[in-house]
Amino acid sequence: MKILVIHGPNLNLLGTREPEIYGTLSLDQINSSLKQLAVDLGCEISSIQSNSEGALVDAIQSARGVYQGILINPAAYTHTSVAIRDALAAVDLPTVEVHLSNIHKREEFRHHSFVAPVAVGQISGFGLNSYLLGLRALVDFVSDMNKS
Ligand code: DQA
């Protein structure tokens, strides 16, 4: 099973970006923890990060036929991007949305997600664990789908 991990805008700055909200781990550290977990779960992952909405849409479109699921932290585009939501709906791959912070506990504009309605589910507020739990949930979901 191959899973594409997508990190949205400003997540390249993790480690130094508002550490009181997002923690002190860098994106590389998050990606290496995901890689370790992927080995345990017996899946392969590739990750990309982009600050550009178009590049994220392109990555989602290219996932079709190559990956069996998408783990995505759309970051600020969660709250604004119809294009990312439409791309996810178009490729119709099981998607899990993750956030380091609890978006529902923060400013009101972060409470709405354009991605949530096209995702299998959302995990928010557990820092690195949001990604790790999200990967576990996604791999389970895809395995179950393949059984039926
Ligand atoms: C985020 C939450 C978003 O509201 C914010 O714009 C981000 C990161 C998170 O992981 O907590 O950039 O997706």
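As the structure lists them, so they are numbered: ligands from 1, and atoms in each ligand from 1.
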Task: Any pair counted as side chain to side chain donor-acceptor pair (under 3.5 Å), so long as it reaches residues 74-96, sequence neighbours left out - done: E53-S81
Just list the N/O pairs, ligand 1 to protein, that are under 3.5 Å apart, with the distance for each.
from     : atom 1 : to   : atom 2 : distance (Å)
ligand 1 : 4 (O)  : H79  : NE2    : 2.7
ligand 1 : 4 (O)  : R110 : NH1    : 2.9
ligand 1 : 6 (O)  : A76  : N      : 3.3
ligand 1 : 6 (O)  : R110 : NH1    : 3.1
ligand 1 : 10 (O) : N73  : ND2    : 2.9
ligand 1 : 10 (O) : L100 : N      : 2.8
ligand 1 : 11 (O) : L100 : N      : 3.3
ligand 1 : 11 (O) : S101 : N      : 2.8
ligand 1 : 11 (O) : S101 : OG     : 2.6
ligand 1 : 12 (O) : R17  : NH1    : 3.1
ligand 1 : 12 (O) : R17  : NH2    : 3.0
ligand 1 : 13 (O) : N73  : OD1    : 2.8
ligand 1 : 13 (O) : H99  : ND1    : 2.8

Open item on the list: With a 6.0 Å cut-off (strictly less than), is the heavy-atom count around CZ of R136, excluding the residue itself, greater than 12?
Closed with: no
- [ ] Give a yes or no on this: more than 12 heavy atoms of other residues, nucleotides or ligands lie within 6.0 Å of atom CD of E107.
- [x] yes
TODO: Using side-chain contact (heavy atoms from CB on, under 4.5 Å) as the criterion, list what pairs up with M145, not counting sequence neighbours.
DONE: P94, F141
Donor-acceptor pairs are to be reported for all side-chain atoms of residues 67-75 against protein atoms at under 3.5 Å, with residues two or more places apart or in another chain.
from : atom 1 : to   : atom 2 : distance (Å)
Y67  : OH     : S46  : OG     : 3.1
Q68  : OE1    : K2   : N      : 2.6
N73  : OD1    : A75  : N      : 2.9
N73  : ND2    : Y131 : OH     : 3.1

- [ ] Return yes if some donor-acceptor pair links the side-chain N/O of Q36 with the main-chain N/O of S33 below 3.5 Å, else return no.
- [x] no
